[in-house]
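For clarity, every value in this text was computed on a predicted model and none was experimentally measured. If you read the sequence from its start, that first residue is 1, and numbering goes on from there. Keep in mind that the numbers below use all heavy atoms, side chains included, and drop hydrogens, waters and symmetry copies.
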Amino acid sequence: MTTPQNLDERFREAVSALRTPEHRRAPGDPVRDGSALTGARALELFDAQLTSRHLDLAARWLRSFNEGFHTVGSAGHEGNAAVAAALRDDDPALPHDRAAAFYCVRAARSSPENRAQRLEDAARDILRGVVASVRDPISGGRDKVFGNAALHLVPVVSTPAGHLPRAVGLAYGLSRSPDPRWPADAIVAATFGDDGADQPGAVAALHAAGWHDRAGQPIPLLLVCEDDVCEDDAPGGPAEDGWVAAVLRGRPGVRYSAADGCDLAATFDAAAEAAQYVRRERRPAVLHLGTVRLLGDPGDPEPGAGLDRDPLAGTARLLVEAGLLGPDDVITRYDEVGWQVRKAAEEVLGEPKLATVGEIVAALAPRRPLRVAHAIADAAGRATGPAAANRSRVFGGRLPEQAGPMTLAQTLNATLTDALAARPQLRVFGPGATRGGRHGVTAGLHERGGDRVFDTPPDATSVLGLALGAGLAGLLPVPELPGLAALHSGEDQLRMEAATMSFLSSGAYRNPLVLRVPALADPFGLGGPLANDNSLAVLRDVPGLVVAVPARAQDAAPMLRTCLAAAEVDGSVCVFLEPAALYQTRDLYQQGDNEWLAVYPGPDRWAGEHAPIGRARIYTLGTGQDLTIVTYGGGVRMSLRVAARLAADGYGTRVVDLRWLSPLPVADLVRESLATGRVLIVDETRRSGGVGEGVLAALVDGAFVGSARRVAAADAPVPLGPAAQHVLVGEDAITQGAQALLAR
């Protein structure tokens with residue numbers, strides 16, 4: 001079993017056995033014949049590797065007396081220092097959790113004239129993450145990540161390889177949106193471990209990168225897989241016939257290369273060549289490095305394999321054989337760095353930790369409603385000012401406000417068209433987006449928006465990853481998924497990637513997003529659990545997420561504009577759920593009344609009809625004194641129909657359309673519930689894990705005293721055909737629930 005002490009002793013033994021050659025190389029010469037790595041640069045990288053190794057040892061020392069809270073180490077992966085050296089300092093990178101040496105190289109190169117001090121500062125900053133100090137420069141004590149906006153490092157905390165789809169999106173965005181943070185020829189690099197090679201993130205990213213390359217869309221992306229090779233694998237690098245190599249090799253549109261990640265010179269040469277290819281060709285590549293894990297994760301048995309391939313000992317051998325250092329010099333350097341790192345560890349011990357919930361969530365999802373309202377007003381001003389002619393041209397000379405009453409689908413189409421005309425950074429995409437999407441909502445947008453409206457691979461992980469990376473690059477992505485069932489397969493991208501970015505970077509990075517999803521169930525549609533998924537539980541507990549559900553055309557345009565403005569102003573991550581059953585609905589109370597339609601609001605009405613996040617719409621029928629119905633989506637139309645019949649019987653009803661499921665409009669629903677003392681919750685989702693549970697909890701927390709009843713879908717998938725009506729909420733169930741409450 002390998003312990004920190006074993007690792008230290010084995011390194012010292014390996015170095016002591018080295019012998020200085022008779023012929024020495026000059027610092028400016030290649031450290032090895034045929035390599036582009038000079039001796040001087042190898043010495044610099046060795047210092048970063050030494051710092052990385054001692055950070056692992058310090059983290060375990062801190063953990064030994066319960067002052068360190070993160071011990072996932074980089075021992076055995078110090079070769080990624082050479083990857084960092086092969087990149088430019090202004091290439092955005094997403095380093096995984098074994099990238100301490102990569103981080104140290106970036107930090108040291110940010111101030112070449114003061115490298116030693118920068119390495120010491122880098123060690124201190126990493127250790128601040130280990131002890132959860134509020135002075136951690138990237139996460140502020142929320143987690144330990146290798147991120148730093150000043151160093152162009154994007155923090156990563158997700159399932160293995162879950163950040164790779166975002167890397168694809170960032171590379172896509174850099175090719176299409178000039179961003180002052182990064183030059184036009186920048187490339188994106190992302191590292192990941194072999195444990196992620198089979199995970200959905202890696203599979204989706206490799207597929208999407210090749211897909212975009214095949215479509216002629218530049219993706220300047222370098223993926224680096226650090227593969228912990230077993231002892232019986234081919235020595236000197238990743239096993240050429242191993243499973244990971246088979247997964248990575250031959251991916252259409254993605255160039256493959258490999259090297260021994262424990263050999264500093266070989267890694268540098270391979271990484272430099274791969275980076276040069278990506279920068280020159282603007283095409284994706286994957287570099288497969290053979291590494292070794294020398295210290296395990298918390299709770300794992302410490303692996304004993306691989307000590308003979310210690311990259312730190314390998315670099316020491318390289319430097320000694322080149323005559324650049326003697327064995328004693330190596331040990332002296334090793335001990336000096338160790339002393340500096342231990343000193344930094346002792347310094348961060350007493351630093352303050354996050355002490356309140358307010359401090360913890362401050363960077364999670366900033367809300368500036370006044371700025372959002374001003375952004376909508378500004379957009380309206382631009383649409384009626386000099387840009388009015390362009391708006392008319394985009395709409396083909398017939399403005400939507402002149403087209404008469406519209407359905408929900410038509411209103412969404414017009415709103416997206418207005419957004420494309422007003423926001424050059426906007427991108428609308430998804431499977432079949434150029435052909436209108438599954439329900440035709442984006443029909444005609446490709447002709448109006450050109451290449452800003454485009455198709456993507458069909459899987460949700462690729463779509464969401466593309467959106468998150470594009471948002472990071474300064475674009476405003478508005479992707480569409482075909483339905484809720486598709487969202488579930490890519491949910492990790494929302495939960496672990498989108499919702500955590502601002503949280504983990506203290507607001508230094510954000511990923512604005514408005515995800516459109518045809519949602520909820522249609523009892524008279526095609527049916528079946530795939531087309532009619534009615535579960536929103538996957539969204540309700542994601543911190544910071546905005547979840548919007550417009551029930552009708554009248555609300556669709558203002559709510560979508562609010563989401564777009566919130567994404568633009570605050571970097572909000574919004575999920576815009578569109579009730580698919582209501583896309584083409586025209587009537588409310590009787591056939592031909594057209595009361596579910598609405599005239600599209602022109603720019604002069606945008607500010608006045610603004611729908612702030614977390615505010616409900618209230619309908620009053622009759623006196624409004626007898627019953628409050630709290631609902632959303634398709635439940636609004638059904639509840640209004642039931643309320644009209646109750647009004648004819650002399651009962652007054654308030655129908656509360658929540659509109660926003662996260663954050664819930666708690667103040668509105670509590671106020672309207674207290675006004676009648678009787679509350680019927682009409683929930684399209686399932687009884688267990690549904691929205692109604694959150695509404696009930698809000699009423700309890702709001703000190704509601706009265707009668708409450710819930711009507712919800714059954715705890716079952718939605719079956720095919722007429723049987724769906726027995727599972728989903730219908731008007732009969734709403735009527736029975738209302739009558740039961742009114743009888744009390």
Side-chain angles (χ1 to χ4, degrees), residues 83-84 87-96 99 102 106 138 145-158 161-192 196 201-202 204-213 217-224 254 275 278-279 282-286 425-427 429 454 456-457 461-479 490 492-494 496-498 500-502 504-505 508-513 515 567 571 573:
V83 177
L87 298 168
R88 285 201 323 228
D89 294 343
D90 54 7
D91 288 329
L94 295 80
H96 75 317
F102 189 111
R106 272 283 171 98
I138 185 66
V145 290
F146 293 119
N148 191 314
L151 302 179
H152 305 291
L153 298 178
V154 180
V156 170
V157 171
S158 64
H163 59 296
L164 300 189
R166 178 198 291 278
V168 175
L170 180 54
Y172 175 91
L174 288 186
S175 298
R176 289 155 183 81
S177 174
D179 191 300
R181 292 171 294 179
W182 301 302
D185 64 341
I187 69 173
V188 176
T191 68
F192 65 106
L206 289 165
H207 176 78
W211 191 94
H212 287 289
D213 183 76
Q217 300 169 351
I219 300 288
L221 173 67
L222 176 60
L223 301 176
V224 180
V254 182
V278 173
R279 198 179 311 278
R282 316 306 286 171
R283 300 182 67 186
V286 59
Q425 76 276 28
L426 193 82
R427 298 294 185 274
F429 54 89
F454 56 92
T456 67
T461 299
S462 295
V463 174
L464 289 169
L466 180 68
L468 298 182
L472 204 62
L475 297 174
L476 181 55
V478 186
D492 180 62
Q493 292 296 305
L494 279 180
M496 295 303 298
E497 288 287 327
T500 62
M501 179 52 65
S502 181
L504 293 175
S505 67
Y509 288 111
R510 62 182 204 167
N511 35 226
L513 169 67
L515 171 65
V573 179

In Å, rounded to the nearest 0.5 Å, how long is the span from [atom1] of [X] to [atom2] of [Y]?
| X | Y | atom1 | atom2 | value |
| --- | --- | --- | --- | --- |
| S462 | L164 | OG | CG | 11.0 Å |
| Y509 | N148 | OH | CG | 7.5 Å |
| T461 | Q493 | OG1 | CD | 5.5 Å |
| D90 | L151 | CG | CG | 12.0 Å |
| D91 | H152 | CG | NE2 | 9.0 Å |

Return the minimal non-hydrogen interatomic distance between [X] and [Y], and the atom names on each side.
| X | Y | answer |
| --- | --- | --- |
| D492 | G162 | OD2-CA, 4.3 Å |
| P479 | V463 | CB-CG1, 3.6 Å |
| R88 | P183 | NH2-CG, 3.2 Å |
| G474 | R181 | N-NH2, 4.2 Å |
| L513 | L494 | CD2-CD2, 4.0 Å |
| L476 | P512 | CD1-CB, 4.1 Å |

Do [X] and [Y] make a side-chain contact, defined as non-hydrogen atoms from C-beta onward lying under 4.5 Å apart?
| X | Y | answer |
| --- | --- | --- |
| L87 | F102 | yes |
| M501 | P155 | yes |
| V156 | F146 | no |
| P165 | L468 | no |
| P92 | L170 | yes |

Are the side chain of [X] and the backbone N or O of [Y] linked by a donor-acceptor pair below 3.5 Å?
| X | Y | answer |
| --- | --- | --- |
| T191 | H96 | yes |
| R176 | P218 | yes |
| R282 | D185 | yes |
| N511 | A498 | yes |
| R106 | L153 | no |

> Taking it one step at a time, do L464 and E497 satisfy side chain to side chain contact (heavy atoms under 4.5 Å, CB included)?
Replying inline: CA-CA 10 Å; L464 289 169; E497 288 287 327; over 6 Å; no
>> Once you measure the plane-to-plane angle for F454 and H212, does it fall in the parallel (<30°), tilted (30-60°) or perpendicular (>60°) bin?
In response: perpendicular
>> If the condition is side-chain contact (heavy atoms from CB on, under 4.5 Å), which residues does A167 pass it with, not counting sequence neighbours?
In response: L94, V188, A190, L221
